[in-house]
Amino acid sequence: KEVLVRTQYMSVDPYMRGRVRDAESYAEPWDVGDALKGGVVGEVVESESDAFDAGDLVTGEGRWADYAALDAADVAPVDPSVADPEAYLGVLGMPGRTAYFGLLEVGEPKPGDTVVVSGAAGAVGSVVGQIAKRTGCRVVGFAGSDEKTGWLTENLGFDAAINYKATDDYRAALDEAAPDGVDDVRDALAAAEGNGEVPDGVDLEIGYVGSPEYRIKVRAPDYKTAEDQLEAAAARAREAIEATGGTGAFHRERHEDDE
């Protein structure tokens with residue numbers, strides 16, 4: 001059964017760039033002339049489902065169009081008394097779920113750990129940092145301007161932030177910001193976990209195709225260790241996604257040996 005939704009808000013996400021190019025990715029590219037697809041929040045105009053009535057606000061995967069007919073099983077209610085509707089495309093939507101599960105279920109940080117977040121001023125990274133702080137971690141963020149790094153420390157509570165565009169020696173900058181070493185690196189969507197070092201070696205990455213969509217990336221000194229780490233991280237993430245009603249499957253995107 002479907003619901004006809006009048007679009008009020010549309011999400012613009014980084015993964016969309018890959019879908020407008022004819023290149024290998026974890027999601028099929030759109031054809032020329034297709035309407036772009038992404039997260040939407042809108043008002044139900046007509047409903048074939050008993051779960052939703054006309055006038056209800058919902059969120060789901062829609063099209064960049066004024067109206068979209070969506071499967072009622074694939075949309076979720078939006079409660080404007082909890083948060084502004086657009087928050088269901090951000091902190092209460094896919095970026096927020098990616099940050100929550102990626103950090104807590106995959107990274108499993110402990111109070112006192114140091115967590116480093118790249119892309120820290122983005123939709124996912126900014127939430128990762130705030131969750132890490134609430135977990136009792138020291139948080140260091142990388143961002144691309146002084147304005148962004150100031151926002152991270154002054155508004156979001158990051159302990160330190162590094163402007164990677166103004167830094168020539170990343171190691172020295174990170175040593176200064178995290179003098180006790182690094183326990184967890186959050187690369188916007190995913191992670192390379194370690195004990196303060198991210199060694200050269202084998203780099204493996206898989207993408208989760210479904211809802212929510214995110215990637216897991218690990219780096220290890222050898223292929224066997226990387227495979228074991230990736231398998232364990234994927235198993236924890238899969239359990240967390242299925243527990244919240246998500247669907248989909250992990251798909252290997254690429255692997256490469258660093259020289």
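Taken together through direct or relayed side-chain contacts under 4.5 Å among Ile, Leu, Val, Met, Phe, Trp and Tyr, Y67 and V44 form parts of separate hydrophobic clusters. Using a 4.5 Å cut-off between side-chain heavy atoms of Ile, Leu, Val, Met, Phe, Trp and Tyr, with links allowed through other members, L36 and V40 fall into the same hydrophobic cluster. Residue L4 is not grouped with residue L57 when hydrophobic side chains (ILVMFWY) are merged at heavy-atom distances under 4.5 angstrom, including chains of intermediate members. In the hydrophobic clustering of this structure, M10 groups with V12; members are Ile, Leu, Val, Met, Phe, Trp, Tyr whose side-chain heavy atoms approach within less than 4.5 Å, directly or through other members.
A 6.0 Å sphere centred on OH of Y100 holds no more than 12 heavy atoms belonging to other residues, nucleotides or ligands. Other residues, nucleotides and ligands contribute over 12 non-hydrogen atoms within 6.0 Å of the CG atom of N155. For CD of Q8, the number of neighbouring non-hydrogen atoms (other residues, nucleotides, ligands) closer than 6.0 Å is greater than 12. Within 6.0 Å of CG in D169 there are more than 12 heavy atoms belonging to other residues, nucleotides or ligands.
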Test V41 against L89 for side-chain contact (heavy atoms from CB on, under 4.5 Å), laying out the working first.
-> CA-CA 7 Å; V41 168; L89 298 177; 3.8 Å; yes

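Listed by first then second residue, pairs satisfying side chain to side chain donor-acceptor pair (under 3.5 Å) with a partner in residues 128-139 read K133-D159, not counting sequence neighbours.
Residue E46 holds its CD atom at 15.5 Å from CZ of F52, rounded to the nearest 0.5 Å. Considering CG of L70 and OG of S47, their distance stands at 11.0 Å, rounded to 0.5 Å. One finds the OG1 atom of T59 at 12.0 Å from the OH atom of Y9 (value rounded to the nearest 0.5 Å).
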Would you mind writing out the side-chain donor-acceptor pairs for residues 77-84 within the sub-3.5 Å range, not counting sequence neighbours?
{"from": "D79", "atom 1": "OD1", "to": "S81", "atom 2": "N", "distance (Å)": "3.0"}
{"from": "D79", "atom 1": "OD1", "to": "S81", "atom 2": "OG", "distance (Å)": "2.6"}
{"from": "D79", "atom 1": "OD2", "to": "S81", "atom 2": "OG", "distance (Å)": "3.2"}

